[in-house]
Enquirer: 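Below you will find the structure I want to go over with you.
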Amino acid sequence: MIYAGSYPFLFEKLTDTVRKIRQKNPQSKLTFIISSNNMRRAIKEYLSDRLGLIYNAEFFTKLDIARELTGIEPLNNLEKEIIIESILKDKKIHVEGLSKAYSETIQKLKESRLSPEDIPENENIRDIFKEYEKRLSELSLKDREDIIIESSYKEFFTDFLIIFGFHSLTEIDRDMFRQLLNNVSFVFIPINPDYSILKKNPHLLSTFEFFRSFRLKSYVEPVSTENQKLTSYMFSEKIHEKGINCKNITFIVSRGKKDEILKVAKSILKLKKNTDWHKIGVIVNDLEKYIKDIKSVFQEYKIPYYLSEENRFIDQLPFKKMYSLFNLKENNFSKIEVLNSISKEIIKINETDLSYLERDLIESAIDEGFEDIVKMLNTRRYKEIAELLSAINKIPEKTSIEKFIQEYLHITKRFFQKNEFTDKFQNILENILSNDVLEKLYPEITYSEFNNILLHYLQEEDVERRLKGNIVQIRTPNISEGLIFEHLFFIDMNEGKYPSTIKEDPVINSQLRMELERKGFPKLNASYWQQIVTFITVFNSSKYIYLSFKDKDDKGNDLSPSILVEEMLRVNYGKSYYKNIEKIYREDTEEIMTLKEFKLKNSKYLINTDSFLKKLVEAHVKRESVNITEYEGKVNINLKSVQLTPSKLQTFSDCPYRFFLRHIIDPDSVEIIDTERISPDEEGTAIHEILEFVYKKRIYDSAVLKQVIPSLVKEKFKPLLEKLKPSARVFESRRISVLSNVLVEFVINDIRRIKDRYLPEVIETKKTVNIYGFKFTGKIDRADRDIKNGDYIIYDYKTGKKRISNLKSALLKGEYLQLIIYKKFLEKSGKNVKKIGLLFVKDFSEISAELENEVEKKIDRILKIFIEMIKDGYFFPNTESESCSYCEFVDICDCYYFNKDTSEYISAYKKIKKGKLEVD
């Protein structure tokens, strides 16, 4: 019997089928073959909830049944790529990621029953494929495709065979199922053959037709729900005048990725009033790109969620530290690595000793090197830690996997605490040891190669920590099939994102692809249409659907919705879609705000209204119910609450309204950690600290600088790199390595420039000065004293990419005013400042200017105007600021209110920004 339809329908029919079998044949054996591990788990839980304990039943995936039939454990992806990597290495081909590309292409070839002989002789893929098959034979190994092929020749008997969840099958899958279908069979297919998309693309129906060829009766779910009506007409040429008019679908339009997650979070909070968290699902195709924003926004809104991508062993600090310990030898026992690896949660060391150890290591002059580090540890009586490092140092450079495991287990048992983390770490080592395939691939293995394998195992999900219960599930489409939600959100539904763009195979050219397609190789667009089928199956499994897409990216560039969104709009609204497109999908969700957002959006009304701020809920209600005058850029502020620094004043110069929101309203916020790259602020701080060390220590020797600066870069950037997700660390590490060379070159060139002329004397020095009634506190990056006459030149380091050619012109536009304030700092101390300048670190350049009296008067006038504006409470937006493109307040800025010169301040400010302010 074949059942075809939505997952809720299939689950219902599956339950009825199992119930009837058990009623008629209580002792019969049931064999389930299920499309994926996630689906298998879902089915077992579903049947257990409805029928109780399912006895005398086996649950297999496609690969599991092949293992059962052949008794063979196939290669996993890591092992397969190790073999292909070694083949490429022998051929002197070194391209990152190429082994994975070849692995995937060879898989498709074998799934299509194609061999190396089916490929023309002049093609690289033929040679790689042939050598791969040869090595498998020599090592007596088989991959997944091999055991599926072999299983098609094996007999299998069961009382009842239940096949569930397959909407696509490869050629070798069909060969295996032909043998299995000799049993009494029930097939459950999550596609409806009557849907327009399947009629338009007959190849998508091939799985249904394959099972029907075994003369099984079929029952297709009638198209009854509004959701099913919508999906059934997708890609149909028919357009209803009024459309399906499904009330269960909502379209969410956003500007940028962060705004999209904010709107989805607010929609979820709105639903929470009447819905449990676990009834809400979120689907993201490119989940890795959204993890950072999902974490920050969902945590800020207190939405409980689960992401398997956050739950790997290596993402947990204890595992990260254990791996770092065993990698110390690779890093020449760097002091920073030792500090980052040792933890009382892992090592047998008390908190007091650890505190002293950290202090002594930090204060020691040693940077790296096993002998120096161990000597210092023994001198300071850290015998246990010295013995631990000695044991790690004794790990062989090359030996068998078994020997490495023995060494690692010996170290963990002798030096590590006994807890759940170290127990799991030892279990992972045992799992590596039990892998016979790795032993065949590596009769001998290097220390570095073994650690790479260990890292691969640590990148697996820690299933025991998988959260269950009342939480929002966040998944990719492929692992969402079979899950039934009351409310389901699809995120990033933009063109090229979902379905994702068709990509060319990097190891097969177009001409070869056409030739192979004639022999049965899958067409290039096959995965594209399969993504659409997956979307339909997931869509039909839930009641209320929310399709979220962006009309602009983070930089304001226009974006188009996904073809799936376009189809949904077309089918749901019919011809009216083309007439009322703006009205249809631009309705905002009910506004729900955090304290931070409330303060920002109502900043113009909340200044000096403490009672208002203390009763935020009542204020929100009042804001919605009364007419409040539009903000005119003028507010009253408590000057005692304003603490000015040179950098804050520069923010005011750039945009007074941004200064107001950032430094006066000062919204509370959950810290958002960027896991993709090191933030510019953190990078700038680290560079300043490195330069401070070098110039204060007066390290001017080039050879010494080439040693000291890379060591400092490693020390300062190591903790910043550890905040990033593993996949991002590789690229950022390379960038920081380049930065290290840049800093060396900058300092060497700078020292040559000032040699025998200037002496860096004031370095990262904090000063205070009163200017027009405001006390400014700031830190001078550097001031160099002229050796001949004792005059000073003040410098500010610029670590970004922006560069200017005329410093005076910039100053007269209100830019780089911190230099003027630093000048006043030093002049208050009795020093004569002759010049001010900027040092551009990344292109080894300097720009400076000596200010004439007339210029100084103009700049002083600018300072006075800005300070008076702050005192009088004028904070209007600068509509032409460069920062608008990345300003954190862009979504709430009321800049369109300020197109006219409604005050003398606005007029003066505009003249300043054009460099046209005159002094009487």
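The first residue in the sequence is number 1, and the count goes up from there.
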Enquirer: What closest approach, in Å, do T476 and I283 show between heavy atoms, and which atom pair accounts for it?
Expert: C-CG2, 4.1 Å
Enquirer: Counting heavy atoms not belonging to Q511, are there more than 12 under 6.0 Å from its CD?
Expert: no
Enquirer: Around atom NZ of K130, are there more than 12 heavy atoms of other residues, nucleotides or ligands at under 6.0 Å?
Expert: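 Not more than 12 within 6.0 Å, no.
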Enquirer: Can you find a pair of side-chain heavy atoms, one from L721 and one from K718, that are under 4.5 Å apart?
Expert: no
Enquirer: Name the residue from D64, L180, I148 that meets the side chain to side chain contact (heavy atoms under 4.5 Å, CB included) definition with L69.
Expert: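 Per the side chain to side chain contact (heavy atoms under 4.5 Å, CB included) rule, the option paired with L69 is L180, out of D64, L180, I148.
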Enquirer: Please find the pair of heavy atoms, one from E260 and one from M493, that lie closest to each other, and give the distance.
Expert: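 Looks like OE2-N, 4.5 Å.
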Enquirer: Partners of N431 by side chain to side chain contact (heavy atoms under 4.5 Å, CB included), sequence neighbours excluded?
Expert: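 For N431 the side chain to side chain contact (heavy atoms under 4.5 Å, CB included) partners, ignoring immediate neighbours, are Y457.
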Enquirer: Under the rule for side chain to side chain contact (heavy atoms under 4.5 Å, CB included), what residues qualify as partners of L483, not counting sequence neighbours?
Expert: R475, F485
Enquirer: Counting only heavy atoms not in E439, do more than 12 sit closer than 6.0 Å to its CD atom?
Expert: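 Atom CD in E439 is not crowded, with 12 or fewer foreign heavy atoms closer than 6.0 Å.
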Enquirer: Tell me, please, whether F59 has K44 positioned over its six-membered ring: NZ or CZ under 6.0 Å from the ring centre and within 45 degrees of its axis?
Expert: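 Cation-pi check for K44 and F59: passes.
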Enquirer: For S737, what residues pass the side chain to side chain contact (heavy atoms under 4.5 Å, CB included) criterion, not counting sequence neighbours?
Expert: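 Result, side chain to side chain contact (heavy atoms under 4.5 Å, CB included) vs S737: none returned.
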Enquirer: Tell me whether R174 forms a cation-pi arrangement with F210, defined as NZ or CZ under 6.0 Å from the six-membered ring centre and within 45 degrees of its axis.
Expert: yes
Enquirer: Is the NZ or CZ atom of K398 positioned over Y447's six-membered ring, under 6.0 angstrom from the centre and within 45° of the axis?
Expert: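 No, a cation-pi geometry is absent between K398 and Y447.
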